[in-house]
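The block underneath contains the structure these notes are about, expressed in structure tokens.
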2 protein chains.
Amino acid sequence: MLRIGELATKTGLTAHTIRFYEKSGLINASQRSESGYRYYTDTDVRQAEFVKTARKIGFSVDDVSTLLSIRVDKSNHTCQDVTEITQRKLNDVNEKISELLLMQQTLKILLNSCCGGPESATHCSIMEALDASNALKPRIVAE
Amino acid sequence: MLRIGELATKTGLTAHTIRFYEKSGLINASQRSESGYRYYTDTDVRQAEFVKTARKIGFSVDDVSTLLSIRVDKSNHTCQDVTEITQRKLNDVNEKISELLLMQQTLKILLNSCCGGPESATHCSIMEALDASNALKPRIVAE
DNA sequence: TATAAACTTAGAGTTAACTCTAAGGTCAAG
DNA sequence: CTTGACCTTAGAGTTAACTCTAAGTTTATA
Ligand SMILES: [Zn+2]
Ligand SMILES: [Zn+2]
Ligand SMILES: [Zn+2]
Ligand SMILES: [Zn+2]
């Protein structure tokens, strides 16, 4: 039986976060001491680790909540249920990556166009590009 | 001279956002009618477009604020000043991309391992992976 | 003139996931 | 018995960038 600090150490979460997850319904302490201290059983610890793993992969707290409800009642859920959540998450991630790659591309173009030196920014091509509003069309770029 | 709604149409921002940007010091209306309506000059419009462009590229409101202060006083700033902001942003973006690629990789592995069918999740490999906490080590994976 | 669209303000609400604070209680070690 | 580390709670604060509301004013149009 671990106390909250020990669970924190074990999982890499903070005690604060564990309490927050408790409020969110992700982690609970099977036992409480008379004085109110939380005590975590092995089962609780495994659930906390599940939560940590799922969060680390990138699932939202809400997703983890759903995954946990599947976890406690696997026989009434299907692989499809699980892949749906996972696929949705992957789609999110893919979309974010696309956006970021576009930003990356544009930023690279800007950096390539500017000398970066100590001279006056009066004719800085980055500033000019931002003013021209066609700085938003990244193309094939070297490097 | 445009009113806020017209500027909104022209820039693709909303009137709300323009007012928010005003509070944040990014956009201001050179004129006000007697009744208090904002009126934007061509110069204001160009600044608003600069803001829109910079935001679209991914610069934070704070970054844009800094870029604007360079913009109004280019001769007292250098290309280095500008590239620093841009490079910092690119570094941020690169870091986020790395994190997302890791997530993407892991999610792909999970999806590959699960049949995704209508059968019970009792032996679902995604659930197993989340329970095993070694689901976090993405390796080379086929597409 | 009447109506509707557009505008004004201050300030509150949204989202996600924490993060921290205050004020106090508990427990093991020395 | 005292000290210090650890625990408790409710609830407020953080961040970024909006987004919305309410209640009222102005303006253009029919
Ligand atoms: Zn230069
Ligand atoms: Zn430059
Ligand atoms: Zn299956
Ligand atoms: Zn499965």
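To find a chain, count down the sequence lines: A is the first, B the second, and so on, and within it residues start at 1. In this text, all values refer to a predicted model and were calculated from it rather than measured experimentally. Heavy atoms only: backbone and side chains are in, while hydrogens, waters and symmetry mates are out.
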Is it the case that the side chains of S69(B) and T66(B) hold a donor-acceptor pair, with the cut-off being a distance below 3.5 Å and no angle test? no
Distance check: side-chain N/O of R32(A) vs OP1/OP2 of dT9(D), anything under 4.0 Å? yes
Please state how far atom CG in L2(A) lies from atom P in dC7(D), giving the value in whole angstrom units. 11 Å
Please determine, by modelled atom types, if S60(A) and D63(A) share a side-chain donor-acceptor pair under 3.5 angstrom. yes
Are a donor atom and an acceptor atom from the side chains of D73(A) and N76(A) found within less than 3.5 Å of each other? yes
Interatomic distance where CG belongs to L26(A) and C1' belongs to dA16(C) [whole Å]: 13 Å
When all nucleic acid strands are considered with a 4.0 Å heavy-atom cut-off, which category describes S24(A): base, sugar-phosphate, or nothing? nothing
In whole angstrom, what separates K10(B)'s NZ from dA6(C)'s P? 18 Å
Is it true that R38(B) and E22(B) make a salt bridge, defined as a side-chain N closer than 4.0 Å to a carboxylate O? yes
Is the shortest side-chain N/O distance from R38(A) to OP1 or OP2 of dC7(D) below 4.0 Å? no
In whole Å, I'd like the distance from the CD atom of Q31(B) to the P atom of dT8(C). 14 Å
Test: R71(A) and D131(B) ion pair at under 4.0 Å: yes
No-hydrogen, no-angle side-chain donor-acceptor test under 3.5 Å, D44(A) and T41(A): yes
Could you check which residues of residues 89-99 of chain B get a heavy atom under 4.0 Å from DNA chain D? Sort them by number, please. none
So, OP1 or OP2 of dA10(C): does either fall under 4.0 Å of a side-chain N or O from R19(B)? no
Provide, to the nearest angstrom, the distance between the NZ atom belonging to K52(A) and the C1' atom belonging to dC18(C). 14 Å
Rounded to the Å, how far apart are I18(B) CD1 and dC18(D) C1'? 13 Å
Looking at K52(B) and T11(B), would you say the former's side chain and the latter's main chain have a donor-acceptor pair under 3.5 Å? yes
Judged by each residue's nearest nucleotide on DNA chain D, which is more toward the 5′ side, Y21(B) or I4(A)? I4(A)
Pair R88(A) + E95(A), salt bridge at N-O below 4.0 Å: no
Integer-rounded Å distance: dA17(D) C1' and F59(B) CZ: 17 Å
The contact string for nucleotides 19-30 of chain D, one letter per nucleotide 5' to 3', using protein heavy atoms under 4.0 Å with B, S and - for base, sugar-phosphate only and none, comes out as BBB----BS---
Mind calculating the distance between OH (Y40(A)) and C1' (dT8(D)) to the nearest angstrom? 12 Å
Nonpolar side-chain network containing Y39(B), other nodes, edges under 4.5 Å: M1(B), Y37(B)
